Amino acid sequence: MQNNDQEETEKPLDFIRTRVKEDKENGKNDGRIHTRFPPEPNGYLHLGHAKSICLNFGIADEFDGLCNLRLDDTNPVAEKTEYAQAIQEDVRWLGFDWEERFFHASDYFQQLYDWATKLIEEGKAFVCDLNFDEMRELRGNLTESGKESPYRNRSVEENLQLFQKMKEGGFPEGSKTLRAKIDMTSPNLNLRDPVIYRILHKEHPKTGNQWKIYPSYDFAHGQSDSIEGITHSLCTLEFEHHRPLYDWFCETLFIHHPQQIEFARLNMTYVVMSKRKMLRLVEEGHVDGWDDPRMATLQGMRRRGYTPEAIREFSERVGLAKRENMIEVELLEHCLRADLNKRAVRRLGVLNPLKVVIENYPEGQTEEVDAVNNPEDPETGTRKVSFSREIFIDQNDFMEDPPKKYFRLSPGKEVRLKYAYYVTCKEIIKDENGQIVELICTYDPESRGGDSPDGRKVKGTIQWVDAATAVKSEVRLYDRLFLDPNPEETEDGGDFTDNLNPESLQINGNALVESSVVDLPPGAPYQLERIGYFCTDPDSIKGTQLIINRSVAMRDSWAKANK
RNA sequence: AGCCUGGUGGUGUAAUGGUAGCACAGGAGUUUUUGGUACUCUCAGUCGGGGUUCGAAUCCCUGCCGGGCUGCCA
């Protein structure tokens, strides 16, 4: 208890948690805390949603409350079951559990209809015959107040009849709406008699053809929260102007009134996170689909090798405030590396193989050396890796004419082959074009395991694979999808796709990895030492084709210093 | 233009009238069988101007700048 108190006073709370804590302590809603994550099933979840998911489920967890998953399916035009499935999958993958509290706004269509009827009976809603353009005309604009609809004063009887007939499909789409009767002169445009029901002769994924009219977001959201007993309805800043409406419905209907609180949505450098723009990337073929590893969708990130832990850590670290923000993608990468450094097993591999023949190593001989699985986690132990006379190293690890402070292999120099032996470069073999195709080295048999008994030190340690047992692999290397940190900010007449990075995907088909990599299941993270963190792509065919994705490169101060 | 909202190092976020802190990024170094990790050090900030106060990032006034809002989307 003492500890708890200390933690609470030491750890500063964001403005929402501060509010939630106060409400709980003051006994508001009987001290109950109940949040919800309410996506519309019209697309895939992305990193921005992750922030919201972690917030809502996180608060419920921290304050001994509950969090619902609710699909806000009030517009059948764009919604699909496919998306609804993916949403549930993604939330679970992130590590959250809504238990039995999985709801749909469409669960409440009847109740919503009854409430609309009540509003009509009280003279607070009316059926309007204005079409789209006429309505916009009368709504006014930012500086001019609106004018009342000529249909605003229809009798309750007439409104009831018309609304009933709308419901039964008696009118074509767009011909009539139900509007709340609020205030056409309000400076808040959302309060100028907002549409609360529209006619849509569309099949709904959940309710089929039962309804010909559908409630608008404003008429559905607050009431859905209310029905579910939500105490704190957290949403992004753009809904700030909708809060008066949210409040108006709860109060006018005399129903439980949750508190809406808005926070700034997540923006990140080098990515786009709006559904519209992501859809264009998919449809125009700039990426391979919603789960392309370069996409900021949870499906893409999962395929890329991001872990739920890293994303959750990131979501907490980005903070929570009302000011617009642009998070640097480096923070995300840091969270991934930090997580994977602790958990990912290590393996050896070379991206661009360079053959090395160890001339004093007996021909035909093979041995196994012990390699550490994860230096950060001794419990993972060691594994055997085969070694023989012919091996491959990475082309980057040899230079014929090295610059100062180059610790890797070069003519006459000695390096350590990790876990194996010291080797010294004796000879370079080139092809007719002068390209280095092979190195002849000698090894020091005394240095087995990577240390010389005479205490001699080498500056460089490089990874290698045994030519006899290494497995060929296609490696997919990802870079930022955009060249500009803020791809949405384009010059006049420009488009965000102008900022696409043409080299965001590089496919390397010649890589070689140690044979045990094929035993790692798709999606499981591993580090190829000195190269980066990887995971096997689901496109792989076991025993036939190995395809691996680089999740993130290692930090590389050498490469950085040489830029 | 009207209304709403927000301005703290490069980025993000703390400090609610009392020493401007933390993280990422950047720089330097130590350790190292990953030029990784870890550790140490370092660079760098309260939008401007007034006011209240012993004392202001914080309160007041004013100016400037950013974001949002004119769907029968959410």
Side-chain angles (χ1 to χ4, degrees), chain A residues 11-14 38-40 42-43 72-75 77-79 105 128 130-132 135-136 139-146 173-179 186-190 192 194-200 213-214 216-218 220-221 235-244 262 264 269 275 314 317-335 337-338 341-342 346 348 371-372 375-376 405-408 416-420 422 447 449-451 457-463 485 527-532 553-562:
Chain A
K11 189 180 149 214
L13 299 177
D14 58 67
E40 184 189 12
N42 69 343
D72 214 349
D73 56 351
T74 57
N75 183 5
V77 175
E79 294 158 8
C128 185
L130 257 25
N131 68 29
F132 212 92
M135 199 182 294
R136 189 178 54 201
R139 184 162 35 234
N141 56 40
L142 273 357
T143 52
E144 289 167 31
S145 98
E173 284 189 10
S175 63
K176 283 183 168 47
T177 57
L178 184 70
R179 296 224 261 163
S186 170
N188 182 344
L189 286 288
N190 293 130
R192 319 247 260 227
V195 169
I196 59 176
Y197 264 95
R198 71 282 212 196
I199 301 170
L200 249 28
I213 56 172
Y214 292 92
S216 64
Y217 164 84
D218 286 308
H221 202 93
C235 60
T236 45
L237 244 31
E238 65 268 28
F239 292 101
E240 217 157 12
H241 312 263
H242 293 253
R243 192 175 58 220
E262 310 86 10
T269 53
K275 266 178 200 168
F314 172 77
R317 293 242 216 155
V318 294
L320 193 70
K322 295 194 81 149
R323 82 183 78 149
E324 297 290 331
N325 58 75
M326 179 66 79
I327 307 290
E328 293 174 327
V329 70
E330 285 85 354
L331 179 62
L332 212 214
E333 295 175 342
H334 165 83
C335 291
R337 289 194 188 102
N341 177 50
K342 282 182 293 178
R346 315 289 138 121
L348 301 180
V372 173
E376 303 291 322
K405 292 196 173 173
Y406 184 81
F407 302 152
R408 283 106 102 151
R416 169 166 43 229
L417 296 177
K418 188 150 190 179
Y419 309 126
Y422 285 10
S447 64
D451 266 317
K457 296 285 181 210
V458 291
K459 212 47 187 277
T461 301
I462 63 176
Q463 83 280 13
Q527 182 193 108
L528 289 184
E529 296 207 41
R530 305 209 307 133
I531 307 175
M554 303 298 281
R555 286 190 66 199
D556 189 346
S557 52
W558 169 250
K560 204 186 293 171
N562 284 279

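Just so it is clear, the model here is predicted, and its values are computed rather than measured. A note on names: the letters A, B, ... follow the listed sequences, proteins ahead of strands, and every chain is numbered from 1.
Looking at A:Glu40 and A:Glu79, their side chains come closer than 4.5 Å, going by heavy atoms from C-beta outward. Contact of the A:Tyr422 side chain with the A:Leu417 side chain is not registered, since no non-hydrogen atoms from C-beta on lie closer than 4.5 Å. Side-chain atoms of A:Thr177 and A:Ile196, non-hydrogen and from C-beta on, never get closer than 4.5 Å to each other. A:Arg346 is listed as a side-chain neighbour of A:Glu376, based on a closest heavy-atom distance under 4.5 Å. Taking the side chain as every heavy atom from C-beta outward, A:Leu237 and A:Glu324 approach each other to under 4.5 Å. With contacts defined as side-chain heavy-atom distances shorter than 4.5 Å, the pair A:Tyr214/A:Asn75 does not qualify.
The residue A:Tyr419 sits close to a base: some heavy atom pair falls under 4.0 Å. Base contact: A:Pro375 has a heavy atom under 4.0 Å from a base atom. Within 4.0 Å of A:Leu320, counting heavy atoms only, lie sugar-phosphate atoms of the nucleic acid but no base atom. Heavy atoms of A:Asn190 sit nowhere under 4.0 angstrom from any nucleic acid atom. At a threshold of 4.0 angstrom between heavy atoms, the contacts of A:Arg192 with the nucleic acid are absent. As judged by a 4.0 angstrom heavy-atom cut-off over every strand, A:Leu130 is placed among the base-contacting residues. A:Tyr406 comes within 4.0 angstrom of a base, heavy atoms only. A:Thr143 comes within contact range of at least one nucleobase, with a heavy-atom separation under 4.0 Å. Contact annotation for A:Glu40: backbone-only contact, meaning every heavy-atom pair under 4.0 Å involves sugar-phosphate atoms and none involves a base. Looking at heavy-atom distances under 4.0 Å, A:Asp218 makes no contact with the nucleic acid at all.
Contact annotation: A:Thr74 side-chain N/O to B:A74 OP1/OP2 distance is under 4.0 Å. Contact annotation: A:Ser557 reaches the phosphate of B:G36 (side-chain N/O to OP1 or OP2, under 4.0 Å). A:Arg346 has no side-chain polar atom (N or O) that falls below the 4.0 Å cut-off from OP1 or OP2 of B:G36. Of the side-chain N and O atoms in A:Arg555, one or more sit less than 4.0 angstrom from OP1 or OP2 of B:G26. At B:G26, one or more side-chain N or O atoms of A:Lys560 fall inside 4.0 Å of OP1 or OP2 (strictly under the cut-off). For A:His241, no side-chain nitrogen or oxygen approaches OP1 or OP2 of B:G68 to under 4.0 Å.
On the C1' atoms, B:U19 is 26 Å away from B:C60, given to the nearest whole Å. Remark: the separation of the P atoms in B:U40 and B:U46 is 27 Å, to the nearest Å. Taking atom C1' in both B:C3 and B:U70, the straight-line distance is 12 Å, to the nearest Å. When the P atom is compared between B:U11 and B:C47, the two are found 13 Å apart, to the nearest whole Å. Comparing the same atom, P, in B:C64 and in B:G26 gives a spacing of 38 Å after rounding to whole Å. Using P as the reference atom, B:U62 and B:C4 are 14 Å apart when rounded to the nearest Å. For the C1' atoms, the distance from B:G68 to B:U16 is 26 Å, rounded to whole Å.
Sequence order on RNA chain B of the closest nucleotides to A:Phe132 and A:Arg530 puts A:Arg530 first from the 5' end. Judged by closest nucleotide on RNA chain B, A:Lys322 is the one of A:Lys322 and A:Lys405 placed further toward the 5' end.
Side-chain atoms of A:Asn325 lie closest to B:U13 of the nucleotides B:C24, B:G71, B:U13. For A:Trp558, counting side-chain heavy atoms from C-beta on, the closest listed nucleotide (B:A25, B:G36, B:G35) is B:G35. Relative to the side chain of A:Glu324, the nucleotides B:G67, B:U5, B:G26 differ in distance, and B:G67 lies closest. Closest contact between the side chain of A:Met554 and the listed nucleotides B:U34, B:U70, B:G6 involves B:U34. For A:Leu142, the listed nucleotide lying nearest its side chain is B:A1; candidates were B:A1, B:U34, B:C72. Of the candidate nucleotides B:G35, B:U70, B:C73, B:G35 has the atom nearest to the side chain of A:Phe407. Distance from the side chain of A:Glu330 is smallest for B:A25 among the nucleotides B:C73, B:A25, B:G2. Closest approach to the A:Asp556 side chain among B:G35, B:C72, B:A74 is made by B:G35 (side chain taken as heavy atoms from C-beta onward). Set against B:A74, B:G2, B:U34, the side chain of A:Asn75 has B:A74 as its closest nucleotide. With distances taken from any side-chain atom of A:Ile327 to the nucleotides B:C72, B:U5, B:G12, the minimum falls on B:G12.
Shown here, B:U52 forms no base pair; nothing in the strands shown gives a Watson-Crick or G-U wobble contact with both key distances under 3.5 Å. Under the Watson-Crick or G-U wobble criterion, with both distances below 3.5 Å, B:G2 is paired with B:C69. Across all strands shown, nothing is found opposite B:U19 as a Watson-Crick or G-U wobble partner with both distances under 3.5 Å. Base pairing annotation: B:U34 forms no Watson-Crick or G-U wobble pair, as no partner gives both donor-acceptor distances under 3.5 Å. Using the Watson-Crick or G-U wobble rule with both distances under 3.5 Å, B:U8 pairs with nothing in any strand shown.
At whole-Å resolution of the value, CD in A:Glu333 and P in B:G12 are 17 Å apart. A:His242 has its NE2 atom 14 Å from the C1' atom of B:C3, to the nearest Å. Atom CZ in A:Arg139 sits about 16 Å away from atom C1' in B:C3, given to the nearest Å. The distance between atom CG of A:Asn341 and atom P of B:U32, rounded to the nearest whole Å, is 18 Å. One interatomic measurement links the two molecules: CG of A:Asn188 to C1' of B:G68, which rounds to 11 Å at whole-angstrom precision. In this structure, the CE atom of A:Met326 is 11 Å from the P atom of B:U11, given to the nearest Å. One interatomic measurement links the two molecules: CZ of A:Phe239 to P of B:C73, which rounds to 14 Å at whole-angstrom precision. In this structure, the CD atom of A:Gln463 is 12 Å from the C1' atom of B:G35, given to the nearest Å.
For B:U34, the base has a donor-acceptor partner in the side chain of A:Gln527 [N/O atoms by modelled type, under 3.5 angstrom]. Judged by atom type and distance alone, A:Arg323 does not reach the base of B:G66 through any side-chain donor-acceptor pair under 3.5 Å. For B:G67, the base has no donor-acceptor partner in the side chain of A:Glu238 [N/O atoms by modelled type, under 3.5 angstrom]. Applying the 3.5 Å distance criterion, the base of B:G10 shares a donor-acceptor pair with the side chain of A:Glu328.
Counting only N and O atoms by type, the side chains of A:Asp218 and A:His242 include a donor and acceptor under 3.5 Å apart. A:Asp72 and A:Thr74 are not linked by any side-chain donor-acceptor pair at a separation below 3.5 angstrom, with hydrogens and angles left out of the test.
For B:G21, the O4'-C1' to base torsion is more than 90° from 0; the nucleotide is therefore anti.
Nearest heavy-atom pair across A:Phe407 and A:Lys459 is CD2-CG, 3.4 Å.
Here the CD1 atom belonging to A:Ile199 is positioned 10.0 Å from the CG atom belonging to A:Leu178, to the nearest 0.5 angstrom.
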